[in-house]
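Just so we're clear, the structure is a prediction, and the values are computed from it rather than from any experiment. Atoms within a ligand are numbered from 1 in the order they appear, just like the ligands themselves.
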Amino acid sequence: MHSLPVLVLNSGSSSIKFAVYEAGDGARTQLLEGTADGIGTDQGQFWIKDAVGKKLTDETPALPTRAEAFALVEQALRGGAFPAVEVPELGAIGHRMVSGGPTVVENQRITPELIDEMEKYTAFAPLHTPIAIYIMREALRLFPGVPNFVCLDSYFHRTIAPMAARMPIPEEYAAMGVRRYGAHGLSYESIVHQLQPRVPERLIVAHLGNGASISAIWRGASVDTSMGLTPTGGLISGTRTGDIDPGVLLFILRKIGEQKTGTAEAANELERVAAKRAGLLGVSGLSNDMRDLRQAIKAGDKEARLAVDQFTWTVKKWIGAFVAELGGVDMLVFTGGIGENDIDSRAEICAGLDALGIVLDAERNKVRGAAVISAEGSPAEVRVIPPAEELMIVNHVVRLMGSEAVGSRQ
Ligand code: ADP
């Protein structure tokens, strides 16, 4: 293959990120990237940067719905609307998708039927899937003839142990596809990819961003991960509870039920409480953003201190659990916005883990951009590695373009 211009589309509940890569002969070059953020507001943000990070456009348009946001992205990709933006004719489009549900397990070419199938499981990633599905349908319609591929976060976790996958619920619900799918799979996959060819046997990766999760990886394959059916499970994160006594949810649901009449309405409100108003935001009563919380802690805010302590304590407990599961640990990797940047979180998480073979070097940990932050002689190496999710999507697309037979519904 000579050169394949690949568009990567990655949507969140209120944003659409996109990037165009030139892929050929093993090389991957990012030509441009952009974001339409603040969907659902009358002052969103829309920017595009070129290959060296120079802003080609930076605007604050009204983005009342995802339709306006994706229309802007499409205009930019067609050229003309933003004269500074030059886009080659697209050869393929890769879509990020959190979970394909029980039937769509492999990354593969997107057809209208495949989208219908994945749409059945919107409830498994309710904040992410509806917009991703919308964008897939729009991309098929607006770029006819350009092959589209779905790249799943759940793909990397397809190897987790049956014990970790099965939820302890009656079979009738398990049969509906309720199980652990995990998330951040493209990030984990990209960490393993970056460690090649020396992938340690017993690897723990903590992806600590606005959404946070942690995975146990054995010889490059996921064996367990903290997120569950949805990204609301696992670690406490920015606005999500993480794992919680189901009795707490029932209590809140009954309270909501006293005000709301319909079951669906009450469930939606419970979802808002558990996924958007909880976590660091819920405990601190202040913010879901680690930077704000660190500032508040400096100013003596006790609730911010409690929220952050709860976060680092939970990550520490999961590390302990995964060391037990893997029978030790050879490497611990921090990634995601907090994992890459928050020196204090890394120090607090690793404090007292010497008995598990994890010893941080306080000085190395403070060096911005340091790759290895463990102490000399620490049995486990501790590293900071930024994720490269888009690159993984491009790699999957290139692979699938070469052999579309690789993808198959199960
Ligand atoms: P998302 O899950 O939305 O992709 P990110 O991976 O960008 O999130 O992570 C966002 C989190 O990273 C926020 O809590 C933010 O405060 C934190 N973060 C980003 N930069 C820093 C920094 N320099 N110091 C501390 N925390 C940071």
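Aromatic ring orientation, His396 versus Tyr155: perpendicular (interplanar angle above 60°, classes split at 30° and 60°).
Side-chain polar atoms of Ser213 and Tyr188 form a donor-acceptor pair below 3.5 angstrom. A donor atom on one side chain and an acceptor atom on the other are found under 3.5 Å apart for His157 and Ser222.
Those atoms of ligand 1 with a heavy atom of Gly211 less than 4.0 angstrom away are 2 (O). Numbered from 1 in the order shown, with element, the atoms of ligand 1 that lie under 4.0 Å from a heavy atom of Gly337 read 5 (P), 6 (O), 9 (O), 12 (O), 17 (C), 18 (N), 19 (C), 27 (C).
A salt bridge between Glu119 and Arg137 is present, with a side-chain N of the basic residue lying under 4.0 Å from a carboxylate O of the acidic one. Ion pairing between Arg305 and Glu348 holds under the 4.0 Å rule for side-chain N and carboxylate O.
Below 3.5 Å of separation, one finds no N or O of Asp342 facing any N or O of ligand 1. Between Arg368 and ligand 1, no pair of N/O atoms sits closer than 3.5 Å.
Heavy-atom neighbours of Lys316 NZ from other residues, nucleotides or ligands within 6.0 Å: above the threshold of 12.
Here the side chain of Ser15 pairs no donor or acceptor atom with the backbone of Asp37 at under 3.5 angstrom.
Remark: minimum distance from atom 26 (N) of ligand 1 to any protein heavy atom is reached at Arg291 CG, 3.7 Å. The protein heavy-atom contact nearest to atom 15 (C) of ligand 1 is Asp289 OD1, 3.5 Å. Among all protein heavy atoms, the one lying closest to atom 10 (C) of ligand 1 is Asn210 N, 3.6 Å. From the protein, the heavy atom lying nearest to atom 21 (C) of ligand 1 is Asn341 CB, 3.4 Å. Of the protein's non-hydrogen atoms, Met290 N, 3.0 Å is the one closest to atom 14 (O) of ligand 1. Counting only heavy atoms of the protein, atom 17 (C) of ligand 1 lies nearest to Ile338 CG1, 3.7 Å. Among protein heavy atoms, the minimum distance from atom 4 (O) of ligand 1 is reached at Lys17 NZ, 4.7 Å.
For the pair Arg179 and Tyr181, the distance from NZ or CZ to the six-membered ring centre is under 6.0 Å and the angle to the ring normal is within 45 degrees.
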